[in-house]
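Computed from a predicted model, the values in this text were never measured in an experiment. Positions are given from 1, in the same order as the sequence printed here.
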Amino acid sequence: MPPVGAALWRSLRAHQVYGANTDVGKTIVSTVLCNAITRLNSQSPAAFLKPVSTGPLDDADDRHIRRYAPGTLTKCLYQFDEPVSPHIAAKQKQLTIPRDDDIIASVHQTLSDWAAQGIDFALVETAGGVHSPGPNGNSQADLYRPLRLPIVLIADSRLGGISSSISAYESLLLRGYDVNSVLLFQDDYYQNHEYLQTYFQKKSIPLVPLPQPPARPPSQDADALARDEEAMAGYYERVARGTDVAGLLEEMTAKNEARIERLEAMSGRAHETIWYPFTQHHGMAPKDITVIDSAYDDFFQTYNPAKPSQDGRLRATFDGSASWWTQGLGHGNPDLALSAAYAAGRYGHVMFPGNIHEPALTLAETLLETVGNPRLQKVFYSDNGSTGMEVAIKMGLRAACDRYGWDASQEQISILGLKGSYHGDTIGVMDCSEPSTFNKKVEWYRGRGYWFDYPQVHMSQGVWKVQIPEHLRSALGADLEYSSLDAVFDLESRVASEVGQRYQEYIRETIAALVQQQGMKFGSLIMEPVILGAGGMLFCDPLFQRCLAEVVRGHPELFAPGATAGATGSSWSGLPIIFDEVFTGLYRLGQRSSAAFLGVEADIAVNAKLLTGGLVPLCTTLASNEVFQAFSSPQKSDALLHGHSYTAHAVGCQVAVDSLRTMKQLERSGAWDKYRRDWQPAATPIPSAHRARPEVWSVWSHGLVGELSHAPGVEGLFALGTVLSIALKDTQGGGYTSTAAQGLQQRLAAGGEHFAVHSRVLGNVLYLMASVTSTPDALREIEEVLRAALLE
């Protein structure tokens, strides 16, 4: 089922009716509102939709509406005659249970049809309370969230109703709903309406108390039912005359219009006030700015003023960059939102030096266990990947200078890295990357290091290739071809091959020349394992990175004459090895740590992005005890004097703890097994427990990668974990300033019939990225749009 946009129309004021509890009178309030609409505008009837109903058909809510609000259009999508919760009723009937996505799509289609018919007011009424289960057992607050309809909350007037009403409101607020109005029945004994009126007034939410409806007759004979029907008809007449429901409807109408007006104006206002990152504003117009009303799962809800009104003003748009690689557990994840709220309520923010709080301690221990690198024993907190890498550089350079007796104030200490690497936008860490579009116009940039060129991996014409740079073929040999991506990662076999020996000899000779002939001193080796992100989604041959690490560790004499290899275990040798896993770590490539692909354990590792599942900023720099000891002395000035006001922010730490636990549970539960099977080599697969290396797989279809590799405009592509990267042919040579991918980007933005795809390009490379919670069905829909854009 294709995703649908959130429900918003200019012509149709659609609201969702939630109850603070079961049996609080939702349908009676809906009837009051529908009657008021008919009185205000007899030319356009109100409409009432009950997506899921349980109980006897004669007592169904849509029938009550038809009886007491004549002229109202009514519809029920799924009716179960058992008077129990929908998830129980569906099982008892042994029917095919409608999926949540199907229910959402049906609701959206019904509202779209009503908008096309000229209906200007509709109510979508839930069953039971805010957290009553839907047919699949999921809370209704989560089930209907993709629609993000404005809420009419029916509060509870009974004993305990104040608590249940506020709890319901907070549950809706936590999930990103807008509660536009509150109604409840007036009870002169409990007087909940008075307390709640004051409470919601502070939230600028209007509350309208209604008189109590007539009590149901104890007898169900014909006379009693007739008297009840007469009493209810009189009740609705009294409510229409004696309450200001009309004023409430006018306010609801104004809020709907104001919401659309805000969306229409946002791009222009942003153009006036916002300075965007990584954006050349010259020639930029408001129309170039995408307005996002909300986001849910893998999709933005983007405002599209050009759409016909019956289709709605919001469109589902796949977040193809995973919001700059941060999304792991989906936008609007209610569990993570609850984690953040819990930590905010328990701590707010507390300063960290010399203190400890439970989320920071639990996260440190959980993260060390998750990455599984025995060298790493200490966790340093910062706020984002760039600053986390600043910390890592300070650690690595201090450890090297401390061991070799170098004085960084008197001599230049450089780093070893890879061409195309990029480790952040802060001034210090910029110097760890070669001159590029990102940094060469930054006035303080100096570029302190040497960056190896290297072979790259991609599929072309159905074949996995390791492409050797032209200028390195005399040293490294010709291009290589492999039958599968799994074979490319068979490093235990490849490292002992002639190719592995060539790689190591080239690396060793290059470093020797830099040190001995040019007098360079190196303080750390820094790598993004497997994929270099910002540099253009460059897939480095993992064998080259493995060989680079082995040469650095196995030949300390290259960096300091007379130095010998350190002891095994956590002791670093040659240079401290820093892995920048800000992008590639924590399941982004299908493994807990991308270092696992290389079979190399770093001395320092940096994680961010997926650390908090995409909810809040947080970064960790993990280090060995030996690196930690390089800062230990009686002098305060020798300490690692680095920190942020929000270091180890309790909200971020708690969210990260729950994010890691969720991802590990997904791994253990086999949530990705369908993807794994798709990528297993043709030969009999080796069970994961007996494999000598990590399993290679992707959420993107193996068949799609092979098919697109034959597309005329594709130079090469690859998929690994959640990442799909497509390099397009460019006669000008490619690179970050290339415009070759813009046409594909525009075609994806135009999208298909039901949704669009938001993507980012890196020069001639367009990439798409999923969450670890993305479903196969949703991704296959995305693939169809991509296939059409490239092949048709």
Practice prompt. Could you tell me whether a side-chain N or O of His349 sits under 3.5 Å from a main-chain N or O of Ser645, the two making a donor and an acceptor?
Written response: yes

Here the salt bridge (Lys or Arg N to Asp or Glu O under 4.0 Å) pairs for residues 135-144, sequence neighbours left out, are Asp142-Arg175

Discussion item. Regarding Glu783 and Arg780, does a basic nitrogen lie under 4.0 Å from an acidic carboxylate oxygen?
Written reply: yes

Verify side-chain contact (heavy atoms from CB on, under 4.5 Å) between Phe755 and Thr302, making sure each step is shown before the conclusion.
CA-CA 10 Å; Phe755 64 93; Thr302 58; over 6 Å; no

**Prompt:** Please walk me through it: do Glu390 and His642 pass side-chain contact (heavy atoms from CB on, under 4.5 Å)?
**Reply:** CA-CA 9 Å; Glu390 293 273 352; His642 190 111; 4.1 Å; yes

*Does any donor atom in the side chain of His131 or Ser171 lie under 3.5 Å from an acceptor atom in the other side chain?*
yes

Of all heavy-atom pairs linking Val651 and Ala340, the shortest is CG1-CB, 3.7 Å

inquiry  = Please evaluate residues His458 and Phe539 with respect to the criterion ring-ring contact (aromatic ring centres under 6.0 Å, His included), reporting the C-alpha separation (whole Å), side-chain torsions for both, the decisive distance (0.1 Å), and the verdict.
reply    = CA-CA 7 Å; His458 64 258; Phe539 188 167; 9.5 Å; no

Next on the checklist: Can you see whether Gln680 engages Arg677 through a side-chain donor-acceptor pair at a distance of less than 3.5 angstrom?
Outcome noted: no

Note to self: Go through it in stages, so that I can follow the logic: the residues are His758 and Phe300, the test is ring-ring contact (aromatic ring centres under 6.0 Å, His included), and I'd like the CA-CA distance, side-chain angles, deciding distance and then a yes or no.
What the structure shows: CA-CA 9 Å; His758 177 274; Phe300 298 139; 5.6 Å; yes

Residues 586-621 vs ring-ring contact (aromatic ring centres under 6.0 Å, His included), sequence neighbours excluded, gives Phe489-Phe597, Tyr587-Trp672

Query raised in the report: Can you check side-chain contact (heavy atoms from CB on, under 4.5 Å) on Lys394 and Val391, steps first, answer last?
Result: CA-CA 5 Å; Lys394 290 182 177 181; Val391 172; 5.7 Å; no

Between His702 and the options Trp697, Tyr675, Trp679, Trp464, the ring pair (Phe, Tyr, Trp, His ring centres under 6.0 Å) test singles out Trp679

Looking only at side-chain N and O atoms, does Ser659 offer a donor or acceptor that is under 3.5 Å from a partner on Thr612? no

Using the six-membered ring wherever Trp is involved, compare the ring planes of His357 and Tyr347 and label them parallel, tilted or perpendicular (cut-offs 30° and 60°).
tilted

Heavy-atom closest pair (Leu532 atom, Cys540 atom, distance to 0.1 Å) is CD1-CB, 4.1 Å

